[in-house]
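Starting off with a structure, shown below.
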Amino acid sequence: MKQKIQPVRGMRDILPEDAARIALIEDAFRDVLIRYSYEEIRLPIVEPKNLFDRGLGESTDAVAKEMYSFLDRDNSELALRPEGTASCARAIINHSMAHEDKPRLWYAGPMFRHERPQAGRHRQFQQVGAEAFGYSGPAIDFELVHVVTEVFERLGLLDSVTLLINNIGDAAARSQFRDALVEYLNPFSDDLDTDSKQRLISNPLRILDSKNETTRCILKEAPRLKDFVSEDSTKRFETVLEMLDAAQISHEIADQLVRGFDYYTDTVFEWVTDRIGAQDAICAGGRYDGLIELLGGRPTSGIGFAAGIDRIALLHSATQEELEYRSTDVYLIALGEEQRSYLSEIANRIRQGTNLRVREHTEPGRMGAKMRWADKSGAIWAVIAGESEESERNVSIKWLRSDREQMRVPLCGMLEVLEAA
RNA sequence: GUGGAUGUAGCUCAGGUGGUAGAGCACUGGAUUGUGGUUCCAGCGGUCGUGGGUUCAAAUCCCAUCAUCCACCCCA
């Protein structure tokens, strides 16, 4: 036997039963988004690398260390997209959509980050995202949170997730805060944990997230981001919170919540869960009022979220009852090859007249083996056709999941029996 | 990128101190030649992740390497 070919590290096959769960989750997002009047956009998986350099920030981990980038045949730098927002923003700029339309878009598809694989973290992973461009009022912030809440409710996950929300102000406020934070922390530099010491240079805002106790202690007296945020922004954020309260959407204000990409401004939010391991963020988003301009478009406000479908699927399988998965409703068995064409006639009749999923047994073998296949397929019925059924133009219907007695009905009455169940 | 654990039959896993590989489930056949899911009997199936080394002898000891899982980091 030849050596087996392994899939690429961090890339995985999603087998039918898991695929069904993923489809269930994607369908929930799609259905809710469509009812909120969001439109689907299909975006390329490969983009110019500098779209992400500029859009997400060159110092972010996703760009600096985790990008799947490569040279095209003409030596231009390309990258597999690590997220969807930058592509979406590029698209609305390229098609001049922002001016007249105020587009509300959603997308679904694979994203790529070259990270070390772990529970809930793969190098190719699935996201559903939505973005709204040109809306600056607080109601749109509320609406997107509401959309996601509705999806989680529909999937029965609302009890296992927590919504964290914060206001991080605009880029200027954040940069002032960053300076103040660094200035405050510098004297304590030696007392910080090693990670935080590193981040003092690379990404100071992340220090706020530290789990180290001494670091946390030092942070108690540190400057607060909210003291640097403009009055307008604070007011706006308060309105968003009021709307959430009025809609009884429970949320926690998380001072330490900062997002991983540079483009975020003002409202940011994230749903976390404690049921799926260390990678606990299942959906996150926020405003990005500077992104369109950064990418060469006219100043346009934006807001969106991205949901990690693989992680939501993990959560779903951890909390929900087992999916009742089966591929087949009706299993058709011909006793001998002579009944093959009669069997096809039966199959066509069921497929055309109902939504039932029909499988014909195609292999030779004895009756017992065929019945075993019928059972394993998960089908509710075995429909059997032998010589006598064919000559009398009827079929035998056997219930595989109940004690109901096998019955023989004329072909024209078959659908009635199947649909009655 | 760093650390820990694990790789033996399709799957889940046994195989103290080296002696030439096992169970359960699954699969195939039979008991039951037009009836599955229960039972009984029989059978198929493994260069023990890969490559080196030590040894008369390696699944077992040593080295390297790959992969998976979990955590750090980061993030959806």
Side-chain angles (χ1 to χ4, degrees), chain A residues 1 3-12 25 29 56 59-66 81-85 108-129 148 161 193-196 198-199 202-203 206 209-212 257-261 269-273 276-286 304-315 331 333-336 339 361 365-379 381-390 396-403 405-406 408:
Chain A
M1 206 162 71
Q3 181 98 39
K4 278 188 224 164
I5 296 177
Q6 300 282 352
V8 174
R9 188 180 173 100
M11 316 266 171
R12 65 196 179 124
I25 292 162
F29 273 100
L56 315 192
S59 63
T60 59
D61 275 23
V63 168
K65 308 197 286 207
E66 299 167 359
R81 60 182 184 186
E83 58 102 58
T85 302
M111 306 295 165
F112 301 84
R113 292 182 203 169
H114 195 280
E115 301 177 274
R116 190 80 166 249
Q118 193 184 330
R121 188 167 81 182
H122 303 95
R123 288 181 178 184
Q124 175 178 339
F125 58 102
Q126 206 70 16
Q127 281 190 342
V128 170
V148 177
V161 301
D193 59 286
T194 31
D195 282 334
S196 295
Q198 196 70 43
R199 287 187 283 212
S202 62
N203 194 352
R206 279 266 152 220
D209 250 342
S210 174
K211 287 153 201 154
N212 182 278
L257 181 67
V258 292
R259 299 244 47 86
F261 302 134
F269 48 85
E270 175 172 298
W271 281 265
V272 295
T273 174
I276 59 168
Q279 304 303 315
D280 59 0
I282 57 171
C283 181
F305 69 79
I309 301 304
D310 310 69
R311 289 183 188 174
I312 295 173
L314 273 183
L315 178 61
Y331 200 97
I333 294 171
L335 273 178
Q339 288 88 43
H361 188 91
R366 62 189 180 86
M367 186 63 175
K370 291 175 181 173
M371 285 301 298
R372 198 151 59 239
W373 277 88
D375 183 50
K376 277 200 318 188
S377 77
W381 303 276
V383 170
I384 302 155
E387 206 173 326
S388 76
E389 280 91 345
E390 182 175 17
S396 295
I397 299 178
K398 182 183 174 71
W399 272 259
L400 296 171
R401 312 289 151 203
S402 77
D403 293 332
E405 201 147 334
Q406 178 169 328
R408 192 144 162 178

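Note on naming: letters A, B, ... go to the chains in the order of the sequence lines (proteins, then strands), and numbering restarts at 1 for each one. Because the structure is predicted, anything quoted here is derived from the model rather than measured.
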Seminar exercise, completed: pair_partner(B/G34), Watson-Crick or wobble, both distances < 3.5 Å, evaluates to none
For this session: For B/U54, give its Watson-Crick or G-U wobble partner with both distances under 3.5 Å, or none.
Result: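 Pairing partner, where one exists within any strand: none, as none qualifies.
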Exercise. Taking side chain as C-beta onward, heavy atoms only, is A/Pro110 less than 4.5 Å from A/Gln126?
Worked result: yes
Exercise. Given the C1' atoms of B/G29 and B/G45, what is the spacing between them in whole Å?
Worked result: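 15 Å, rounded to whole Å.
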For this session: Pick the C1' atom in B/A23 and in B/U55, then give their distance to the nearest Å.
Result: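 Here B/A23 and B/U55 have their C1' atoms 31 Å from each other.
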Exercise. According to the Watson-Crick and G-U wobble definitions, with both distances under 3.5 Å, which nucleotide is paired to B/G22?
Worked result: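 The base-pairing partner of B/G22, which may sit in any strand shown, is B/C13.
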Problem set entry | Residues A/Asp310 and A/Arg12 bridged, charged N to O under 4.0 Å | yes
Problem set entry | Side-chain heavy atoms of A/Pro7 within contact of A/Gln124, under 4.5 Å |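 Side chain of A/Pro7 against side chain of A/Gln124, heavy atoms only: no contact under 4.5 Å found.
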Exercise. Relative to each other, are the rings of A/Tyr331 and A/His361 parallel, tilted or perpendicular (30° and 60° limits)?
Worked result: tilted
For this session: Provide the Watson-Crick or G-U wobble partner of B/A59, both distances under 3.5 Å; none if there is no partner.
Result: none
Problem set entry | C1'-based separation of B/U54 from B/U60 [nearest Å] |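 Each nucleotide's C1' atom is 13 Å from the other's.
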Problem set entry | Pair A/Lys370 + A/Asp375, salt bridge at N-O below 4.0 Å |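 A/Asp375 and A/Lys370: not salt-bridged.
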Exercise. Which letter, B, S or -, goes with each nucleotide of nucleotides 31-45 of chain B from 5' to 3', with contact meaning a protein heavy atom under 4.0 Å?
Worked result: ---BBBS--------
Problem set entry | Span that lies between the C1' atom of B/C13 and that of B/G46, in whole angstrom | 14 Å
Problem set entry | Side chain proximity check, A/Met371 to A/Lys398, heavy atoms < 4.5 angstrom |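 Side-chain contact under 4.5 Å: yes.
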Exercise. Got A/Leu257 and A/Glu270 here, is their nearest side-chain heavy-atom distance under 4.5 Å?
Worked result: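 A side-chain contact under 4.5 Å exists here.
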For this session: With a 3.5 angstrom cut-off on both distances, give the Watson-Crick or G-U wobble partner of B/A5, or none if there isn't one.
Result: B/U68
Exercise. Taking the side chain as C-beta and beyond, is there a heavy-atom pair between A/Lys65 and A/His114 under 4.5 Å?
Worked result: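 They are not in side-chain contact.
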Exercise. Quantified in whole Å, what is the C1' atom distance between nucleotide B/A14 and nucleotide B/G24?
Worked result: 10 Å
Problem set entry | Pairwise P distance for B/A59 and B/U50, with rounding to whole Å | 11 Å
For this session: Let me have a per-nucleotide readout for nucleotides 67-76 of chain B, 5' to 3', with B, S or -, counting only protein heavy atoms under 4.0 Å.
Result: SS-SBBBBBB
Exercise. Heavy-atom distance under 4.5 Å between the side chains of A/Leu335 and A/Glu387, does that happen here?
Worked result: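 SC-SC contact between A/Leu335 and A/Glu387 ruled out.
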Problem set entry | B/C48 to B/G22 separation - P atoms, rounded to the nearest Å |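 Approximately 14 Å lies between the P atom of B/C48 and that of B/G22.
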For this session: Pick the P atom in B/A26 and in B/A64, then give their distance to the nearest Å.
Result: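 Pairwise P distance, B/A26 against B/A64, rounds to 42 Å.
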Exercise. What's the shortest heavy-atom distance between A/Arg113 and A/Phe261, and which atoms?
Worked result: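 Scanning both residues completely, I find the closest heavy atoms to be NH2-CZ, 3.8 Å.
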For this session: Provide the Watson-Crick or G-U wobble partner of B/C75, both distances under 3.5 Å; none if there is no partner.
Result: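 Paired with B/C75, as far as the under-3.5 Å criterion goes, is no nucleotide at all.
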Problem set entry | Who pairs with B/C27 - Watson-Crick or G-U, where each distance is under 3.5 Å |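 Across all strands, the one nucleotide that pairs with B/C27 is B/G43.
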